[in-house]
Amino acid sequence: MEVGIEVGIDVGIEVGIRVKTGHQAQANRVAPLPIVQGVAPSYLRLPQGDWDGMLALLVERFPAIDARTWRDRMARGQVVDGAGAPLAPDSAVRPGERIWYYRELDAETAIPFDEQVLFQDEHLVVVDKPHFLPTMPSGRFLRETLLVRLKDKLGLGELTPIHRLDRETAGVVMFSSCVASRGAYQSLFQQRSVAKVYEALAAPIAGLQFPHTHRSRMVEGTPFFRMQEVDGEPNSETVIELIELRGLLALYRLRPHTGRKHQLRLHMASLGAPILNDPFYPLALACKGDDFSQPLQLLARSIAFTDPLTGLVRAFASERALEGDSA
């Protein structure tokens with residue numbers, strides 16, 4: 001797997017670690033390679049060690065990428081130093097310096113669903129994301145991500161998501177397009193000053209009085225990509241309301257008061273009503289790859305907040321609908 005920091009948002013090809021958005025924006029401004037079709041260059045800070053040239057380091061650092069591939073990238077001038085000078089296989093390794101390169105995928109499946117821009121000004125871009133489209137590059141997704149699509153279509157090289165939605169979840173996502181005001185909007189989420197409303201389709205929950213507040217302590221589970229509830233002081237809270245019954249299913253309104261990974265999905269599963277088509281809860285199912293036939297029936301319906309720059313109340317709502325089969 002290729003490891004290195006993808007300046008647009010991601011950490012390397014492929015480890016799924018993210019750096020803080022402030023660091024990303026700063027790195028974007030000093031990158032010696034341009035953004036190409038929405039894809040920002042990645043960088044690697046050279047470690048201490050003894051290698052016989054740059055190629056030897058790269059092959060050791062990124063074992064999934066062979067020497068021939070790195071030689072080809074170098075020949076195309078797509079591996080450079082901090083000043084933008086092309087690097088060769090025998091270039092010296094200078095610990096502490098950065099080298100830059102473009103992340104590449106051999107093949108990437110097209111996501112056959114379009115995003116919709118709901119709002120745009122000099123500070124914000126608010127988007128209605130479809131199911132299956134990742135918010136940011138990670139793993140086997142690069143160009144087919146919301147961030148890269150928007151950078152390419154809108155020509156906004158410093159665009160950064162202020163929050164994220166799972167790939168499986170559809171709905172409202174907010175991006176910052178202005179570095180100067182980014183911190184003010186990020187603080188809204190850090191201070192829990194954004195009212196977020198979701199909708200979900202799941203089985204009816206017998207005997208539960210609505211609205212119902214579910215609190216629990218969430219920690220990382222097994223496998224690593226799942227979460228689980230354990231005993232202890234609650235660190236997650238969701239208010240659940242019943243909107244209507246739809247045949248054998250129920251439509252719920254979910255108001256998360258915290259923002260834990262997979263919080264809504266785990267809370268619903270813990271109540272005995274996992275969200276329709278959830279591949280992770282209550283059990284992790286086999287990966288369906290590029291099967292788009294059963295979207296997770298979870299929608300980020302709306303967000304609302306007091307604008308930190310103007311003091312005005314702003315609200316944005318998804319125009320999508322959940323249409324799960326109730327049969």
Side-chain angles (χ1 to χ4, degrees), residues 1-109 134-145 147-149 151-152 157-161 164 167 179 220 223-225 287 289:
M1 292 179 38
E2 182 173 350
V3 181
I5 298 178
E6 168 121 356
V7 174
I9 279 290
D10 221 0
V11 172
I13 224 173
E14 312 49 5
V15 291
I17 304 171
R18 273 92 183 179
V19 294
K20 293 181 180 179
T21 53
H23 295 168
Q24 295 157 2
Q26 181 181 7
N28 261 332
R29 292 194 290 275
V30 300
L33 292 173
I35 293 175
V36 177
Q37 293 182 317
V39 178
S42 302
Y43 72 79
L44 169 68
R45 190 179 297 277
L46 298 178
Q48 295 285 343
D50 185 19
W51 292 275
D52 185 21
M54 192 65 65
L55 180 62
L57 164 67
L58 292 172
V59 171
E60 179 181 313
R61 184 81 175 192
F62 306 124
I65 304 175
D66 59 27
R68 182 169 136 187
T69 299
W70 282 115
R71 287 182 183 276
D72 176 65
R73 292 186 184 186
M74 289 175 169
R76 288 184 278 130
Q78 294 193 351
V79 183
V80 304
D81 65 15
L87 295 171
D90 60 353
S91 293
V93 176
R94 297 183 174 85
E97 293 189 3
R98 288 178 179 177
I99 65 170
W100 299 78
Y101 63 95
Y102 288 108
R103 176 183 169 189
E104 297 178 357
L105 296 179
D106 292 334
E108 185 174 4
T109 301
T135 301
M136 302 179 301
S138 181
R140 63 191 182 96
F141 300 102
L142 177 61
R143 297 187 187 280
E144 287 298 279
T145 60
L147 177 64
V148 172
R149 282 187 181 184
K151 281 186 174 182
D152 188 30
E158 293 191 337
L159 196 68
T160 297
R164 298 192 292 268
R167 173 179 176 248
V179 175
E220 291 186 357
F224 69 92
F225 52 81
C287 177

Query raised in the report: Where is the tightest heavy-atom contact between Q37 and D152, given as atom of each residue plus distance?
Result: CA-OD1, 3.5 Å
Requested in this report: Find out whether V36 and Q78 are in side-chain contact, i.e. whether some heavy atom of one side chain is under 4.5 Å from a heavy atom of the other.
Outcome: no
**Report entry** Minimal non-hydrogen separation, L147 against P161, with atom names
**Finding:** CD1-CD, 4.1 Å
Query raised in the report: What heavy-atom pair brings G49 and W51 nearest, and what distance separates the two atoms?
Result: CA-CZ3, 3.2 Å
Query raised in the report: Considering all heavy atoms of both residues, which atom of P134 and which atom of F141 are nearest to each other, and what is their separation?
Result: CG-CG, 3.5 Å
Query raised in the report: So, the side chain of E158 versus the backbone of V179: is there a donor-acceptor pair under 3.5 Å, distance only?
Result: no
Requested in this report: Considering non-hydrogen atoms only, spot the tightest contact between L87 and I99 and give its length.
Outcome: CD1-CG2, 3.5 Å
Query raised in the report: With distance as the sole test, does R98 use its side chain to make a donor-acceptor pair with the main-chain N or O of L44 at under 3.5 Å?
Result: no
Report summary line: When every non-hydrogen atom of P47 is compared with those of R61, the smallest separation belongs to CG-NH1, 4.0 Å
Query - L58 and R73, any side-chain heavy atoms less than 4.5 Å apart - result: no
Report task. Check whether any side-chain N or O of E108 sits under 3.5 Å from a backbone N or O of E144 as a donor-acceptor pair, and report yes or no. Result -> yes
Report summary line: When rounded to the nearest 0.5 Å, the distance separating CZ of R143 from NZ of K151 is 12.0 Å
Requested in this report: On the 0 to 90° scale, with breaks at 30° and 60°, tag the Y43-W100 ring pair as parallel, tilted or perpendicular.
Outcome: tilted
Query raised in the report: Does M54 reach the side chain of L46, with side-chain heavy atoms less than 4.5 Å apart?
Result: yes
Query raised in the report: Which value, rounded to the nearest 0.5 Å, describes the distance between R149 atom CZ and L159 atom CG?
Result: 14.5 Å
Query raised in the report: Side chains of S138 and R167: does their closest heavy-atom pair fall under 4.5 Å?
Result: no
**Report entry** Short N-O contact, R68 and D72, less than 4.0 angstrom
**Finding:** no
